Amino acid sequence: MLVVLLSVLVLYLMYRKFLYIPVNNLLQARKGRIASEINGAKALKEEAELLRIQQEKILEQAKIEAQETIENAKMFSERMKESILEDAKKTARDIITKASSDAEREKRVAMEEVKKQSVELAVLIASKILEENISIEKHNMLISDFIDEVGISQ
Amino acid sequence: MISLKNKDNKYPQNIVAVTAVPMKQEHIDKLAKVLENKLGIKVVLINEVDKKVIAGVLLKSEGKIFDGTFRGELKSMKRTLMDAQLHETEV
């Protein structure tokens, strides 16, 4: 009996020393490694997630900037178009104004010419009529009146 | 006006009277006398005939002129008309 118990004890002790403990240690070690690898992987996953979020932000930002640039370009070209249009309109107005003022001036010059010629003609006709229609008696009367007026004047 | 004809020395002044028809002698003498009175010097009046003055008398002497003719009137009328502004009227 005692021998059996002793052998069992010795076997147990030997089992513990040569099997259980080393194997346990091995298993623990492996467990530890696995755990740490899992942690490592988790950390990497988190890092990857962070990078992904960062990348998304950057992309978002780039999209916004691109949009702004397009908007600016549109506004700029719109303003350019308006300015060119304004210039063209102004030039057209100036041309019309100048043309009408030229026409005005020509009209005035022509009217002036007509006036001058009318006056010339009227005076010429008047003098012709007068020349032919004054009698000798009338002439002498006018001359006599003239002499009298010279005598009276200043 | 008439004072434009004045000369300051005592020599007789030659004055030409231009008319459209020849002046009667009595008119020439009367005019000469009137001018002498006005100017205070001796006057020799010469009558020149020029149909262009139309009627009346033009006196000229020493480059000065006194115009009492119809032509003078027409000239001044022409000047007035030329200066007048032309207005547009409804036709």
Side-chain angles (χ1 to χ4, degrees), chain A residues 85-154, chain B residues 1-6 15 17-39 43 45 47-59 61 66-89:
Chain A
L85 201 63
E86 252 332 290
D87 277 351
K89 278 194 209 163
K90 182 171 187 300
T91 302
R93 276 197 300 264
D94 285 347
I95 289 178
I96 291 178
T97 304
K98 182 163 193 302
S100 81
S101 82
D102 281 350
E104 267 307 310
R105 207 179 323 123
E106 282 183 27
K107 188 167 91 166
R108 261 185 281 130
V109 166
M111 278 184 13
E112 196 61 31
E113 204 40 47
V114 164
K115 182 182 89 174
K116 281 211 179 94
Q117 291 191 13
S118 307
V119 168
E120 290 282 357
L121 190 62
V123 169
L124 190 65
I125 292 176
S127 64
K128 285 278 169 245
I129 293 176
L130 289 171
E131 264 179 47
E132 305 302 318
N133 285 289
I134 302 179
S135 62
I136 298 282
E137 292 82 30
K138 192 94 175 108
H139 272 291
N140 287 329
M141 200 174 76
L142 289 166
I143 291 168
S144 170
D145 286 347
F146 176 84
I147 298 170
D148 292 338
E149 280 190 31
V150 168
I152 296 171
S153 77
Q154 167 264 324
Chain B
M1 343 166 265
I2 261 271
S3 50
L4 288 173
K5 302 243 189 250
N6 249 329
I15 303 185
V18 184
T19 52
V21 298
M23 278 171 81
K24 290 187 180 178
Q25 190 56 48
E26 56 180 282
H27 283 162
I28 295 176
D29 296 334
K30 191 166 173 207
L31 183 55
K33 200 142 40 120
V34 164
L35 287 171
E36 277 177 3
N37 284 342
K38 279 284 149 191
L39 301 178
V43 164
L45 192 66
N47 178 218
E48 207 177 276
V49 175
D50 181 4
K51 241 186 103 163
K52 290 266 163 290
V53 304
I54 304 172
V57 182
L58 180 145
L59 297 173
S61 172
F66 178 66
D67 195 341
T69 62
F70 271 27
R71 187 179 62 171
E73 271 309 302
L74 288 174
K75 273 192 190 163
S76 122
M77 190 164 49
K78 185 155 64 158
R79 227 177 299 128
T80 308
L81 288 171
M82 289 297 197
D83 286 344
Q85 286 305 316
L86 204 59
H87 296 292
E88 292 211 20
T89 54

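Letters A, B, ... mirror the listed sequences (proteins, then strands); counts begin at 1. Values below: every heavy atom of this structure, side chains too, minus hydrogens, waters and symmetry copies. Only a predicted model underlies this, so the values are computations on that prediction, with no experimental measurement involved.
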Got a sec: does the CD of A:Glu131 have more than 12 other heavy atoms crowding it under 6.0 Å?
-> yes
Pull out the residues in residues 135-144 of chain A that come under 4.5 Å of chain B, heavy atom to heavy atom, sorted by number.
-> A:Ile136, A:His139, A:Asn140, A:Leu142, A:Ile143, A:Ser144
Under a 4.5 Å heavy-atom cut-off, does chain B meet the side chain of A:Asp148, its backbone, both or neither?
-> side chain
Do the side chains of A:Phe146 and B:Val34 get nearer than 4.5 Å, heavy atoms only?
-> no
Selection residues 116-127 of chain A - residue pairs positive for side chain to side chain donor-acceptor pair (under 3.5 Å), sequence neighbours left out | A:Glu113-A:Gln117, A:Glu120-B:Lys78
Considering only heavy atoms and a distance below 4.5 Å, find which of B:Leu31, B:Thr19, B:Asn37, B:Val53 pairs most often with chain A.
-> B:Leu31
Option that, when pairs with chain B are counted at under 4.5 Å, heavy atom only, ranks first among A:Val123, A:Asp145, A:Ile134 = A:Val123
In short, B:Lys30 meets A:Ile147 closest at the heavy-atom pair CG-CG2, 3.9 Å
